[in-house]
2 protein chains.
Amino acid sequence: MVSNTVSFHKFAKRSQNQKIILAAAEKVFAEAGYAGATTQLIADVANLPKANIHYYFKTKEDLYRQVVYNIFDIWMEAASAFDTELGPREALSRYIDKKMDLARTHPYGSKVWATEIIHGAPIIQDYLEGQLLEWSQDRSKHIQRWIENGEMDSIDPAHLLYMIWSTTQHYADFGHQIETLNAGKPYSDAQWQIAKLSVKTIILKGIGLTPS
Amino acid sequence: MVSNTVSFHKFAKRSQNQKIILAAAEKVFAEAGYAGATTQLIADVANLPKANIHYYFKTKEDLYRQVVYNIFDIWMEAASAFDTELGPREALSRYIDKKMDLARTHPYGSKVWATEIIHGAPIIQDYLEGQLLEWSQDRSKHIQRWIENGEMDSIDPAHLLYMIWSTTQHYADFGHQIETLNAGKPYSDAQWQIAKLSVKTIILKGIGLTPS
DNA sequence: AAAAAACTTGACCGTATGGTCAGATATGTA
DNA sequence: TACATATCTGACCATACGGTCAAGTTTTTT
């Protein structure tokens with residue numbers, strides 16, 4: 001219907017421009033940091049006049065908030081790959097795979113998250129204390145049960161999680177260093193495969209499992 | 001004052017003030033990023049007037065350079081703990097220990113390094129292409145030899161190094177997140193011991209070694 | 001003692017930044 | 001068509017920043 005189409009477009013316009021701006025902002029925040037990211041540069045990358053950015057996002061901080069929230073949501077959704085029904089080998093294997101994929105497909109997001117945490121999480125502290133804490137505690141409990149059932153070695157679950165997070169996100173956050181040590185070239189598909197396999201192999205074997 | 005005290009101070013004065021400024025700058029750069037770190041704030045932390053900062057360091061960038069260089073030097077010195085004469089178990093074990101110790105004692109430095117890399121290493125690219133590349137290639141060769149001698153599992157040496165770097169530095173860079181998930185409290189001595197042991201155990205076992 | 005060198009600092013300056021706003025234009029509604 | 005609402009944008013502003021400088025004070029040298 002007419003009114004349907006109209007209101008669809010009315011919506012699309014707004015959300016589409018917001019998407020363009022958010023993508024530009026993610027990239028600029030990742031590469032320049034919060035303070036170093038100028039609204040002018042974000043506008044240039046988004047190919048829009050600066051005043052237009054402020055039409056859709058009241059302040060630079062609002063825009064930054066949105067960017068960080070988006071990343072957290074993506075990670076939280078990926079975290080559901082850590083399906084504790086599957087048992088340790090399959091659950092961890094899938095989770096690591098998923099995190100490695102995100103390191104490749106969403107490096108900017110990972111970088112923004114990393115600097116946010118490094119700077120003391122001024123914006124997303126509530127997320128750390130809420131959703132992340134809850135999720136971590138829940139998964140830790142399951143890991144603990146696996147250990148008690150003799151399904152894997154006895155390891156403090158928190159440190160296992162930190163190892164998975166740090167190792168996988170390293171391929172996004174330190175991508176520039178990795179590229180430099182790789183003759184200045186970004187990883188090929190084959191190299192990403194090897195990276196994924198190496199990470200999975202060491203971690204799974206390291207806690208007493210055989211990789212799938 | 002006695003003359004030898006005076007002449008002791010003569011020397012100490014310059015380098016001592018520089019040290020105070022460098023320490024303040026390291027902290028501020030770590031917590032606010034390069035662009036977010038104002039010379040005024042560095043001056044306040046150092047408890048000196050802003051103009052005095054510029055007397056010892058010509059520009060903010062010079063100061064930043066010094067900070068990053070210092071960290072790199074400290075890490076490179078620690079890298080000598082990776083003594084390939086010792087064989088894989090002892091060499092890797094000592095290197096991980098050393099890196100964990102530095103994560104605890106030099107968290108600001110680690111954070112500055114991390115953001116520098118995340119932002120594409122605008123300042124220290126030459127170090128990456130020089131010393132770091134050289135060191136990595138040298139150690140990779142030794143790891144390769146261990147593998148060929150059947151002293152450890154067959155793993156791409158680069159990924160083993162990345163795992164050690166990422167995991168250990170995570171305890172510095174993401175210290176805020178770790179603290180938040182630790183009931184808001186920093187790690188105790190005992191908790192650091194467990195962290196070190198967990199990391200060593202998983203990595204060493206993960207590549208087919210028994211922890212020492 | 002006096003000249004030189006090193007250090008300290010408040011006041012100042014040009015620039016770049018985040019944000020505003022009024023007016024123009026496009027889009028949807030009746 | 002006439003009206004209303006959403007979108008766009010150049011020009012503008014107050015503020016905060018890195019850096020300078022001249023006038024001082026302290027320290028070292030002769």
Side-chain angles (χ1 to χ4, degrees), chain A residues 1-22 24-29 31-68 112 119 122-123, chain B residues 1-22 24-29 31-68 112 119 122-123:
Chain A
M1 257 342 263
V2 175
S3 86
N4 254 355
T5 313
V6 164
S7 66
F8 169 76
H9 277 225
K10 179 175 67 178
F11 262 151
K13 183 82 179 224
R14 179 164 200 99
S15 73
Q16 191 178 314
N17 273 344
Q18 283 177 332
K19 261 180 205 163
I20 291 170
I21 294 168
L22 281 168
E26 187 183 68
K27 181 179 158 94
V28 174
F29 281 132
E31 290 176 345
Y34 177 76
T38 66
T39 54
Q40 184 60 63
L41 185 53
I42 294 169
D44 290 348
V45 171
N47 211 15
L48 290 169
K50 192 182 74 165
N52 205 329
I53 306 290
H54 281 96
Y55 176 72
Y56 286 106
F57 298 91
K58 208 147 189 69
T59 66
K60 178 178 160 181
E61 189 180 317
D62 279 346
L63 180 51
Y64 179 75
R65 269 199 156 78
Q66 277 293 325
V67 169
V68 180
V112 174
H119 294 356
I123 302 291
Chain B
M1 281 209 180
V2 190
S3 82
N4 78 345
T5 312
V6 166
S7 75
F8 168 76
H9 278 174
K10 169 181 73 174
F11 242 179
K13 187 76 177 233
R14 181 166 196 97
S15 73
Q16 191 178 313
N17 273 345
Q18 283 177 331
K19 261 182 204 162
I20 291 170
I21 294 168
L22 280 169
E26 187 182 68
K27 182 178 156 95
V28 174
F29 281 131
E31 289 175 346
Y34 177 76
T38 66
T39 53
Q40 184 60 63
L41 184 53
I42 293 170
D44 290 348
V45 171
N47 212 14
L48 290 169
K50 192 183 71 164
N52 206 329
I53 306 290
H54 281 97
Y55 177 73
Y56 287 106
F57 298 91
K58 206 145 190 73
T59 66
K60 179 178 159 180
E61 190 180 316
D62 279 346
L63 179 51
Y64 178 74
R65 269 199 156 76
Q66 277 293 326
V67 169
V68 180
V112 175
H119 294 356
I123 302 292

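Source: prediction; values computed, not measured.
Between the P atom of D/dC8 and the CG atom of A/L48 lies a distance of 7 Å, rounded to the nearest Å. Rounded to a whole Å, the CD atom of B/Q16 is 12 Å from the P atom of C/dC7. The distance from atom OH of A/Y34 to atom P of C/dT17 is 14 Å, rounded to the nearest whole Å. What separates CD of A/Q40 from P of C/dT15 is a distance of 18 Å, to the nearest Å. Counting to the nearest Å, the C1' atom of D/dG18 and the CZ atom of B/R65 are 16 Å from each other. Put simply, CG on B/L41 is 14 Å from C1' on D/dG18, counting in whole angstrom units.
Among all heavy-atom pairs drawn from B/V45 and B/A24, the shortest one is CG1-CB, 3.6 Å. A/E26 approaches A/V112 most closely through the heavy-atom pair O-CG2, 3.7 Å. Taking all atoms of both residues into account, the shortest heavy-atom contact from A/A32 to A/A37 is CB-N, 3.9 Å. Here the closest heavy-atom approach between residue B/A43 and residue B/P49 is recorded as CB-C, 4.1 Å.
If you check residues 49-64 of chain B against DNA chain D, the residues with a heavy atom closer than 4.0 Å are B/K50, B/A51, B/H54, B/T59, B/K60, listed by number.
To the nearest 0.5 Å, the span separating CG on A/L63 from CD on A/Q66 amounts to 8.0 Å. Between atom OH of residue B/Y34 and atom CD of residue B/E61 there is a gap of 5.0 Å, rounded to the nearest 0.5 Å. Within the model, atoms CG of A/N47 and CD1 of A/I21 stand 11.5 Å from one another, a figure rounded to the nearest 0.5 Å.
In this structure, B/A37 reaches the sugar-phosphate backbone alone: every heavy-atom distance under 4.0 Å involves primed, P, OP1 or OP2 atoms, never a base.
Ring pair B/Y64/B/F29 is perpendicular by interplanar angle, where above 60° counts as perpendicular and below 30° as parallel.
Between B/N17 and C/dA6 there is no side-chain N or O to OP1 or OP2 distance below 4.0 Å.
Here B/F57 pairs with nothing under the ring-ring contact (aromatic ring centres under 6.0 Å, His included) rule; sequence neighbours left out.
One end of the helix from C/dA1-D/dT30 to C/dA30-D/dT1 points its axis 10° away from the other end's axis, with each axis taken from 5 pairs and the angle rounded to 10°.
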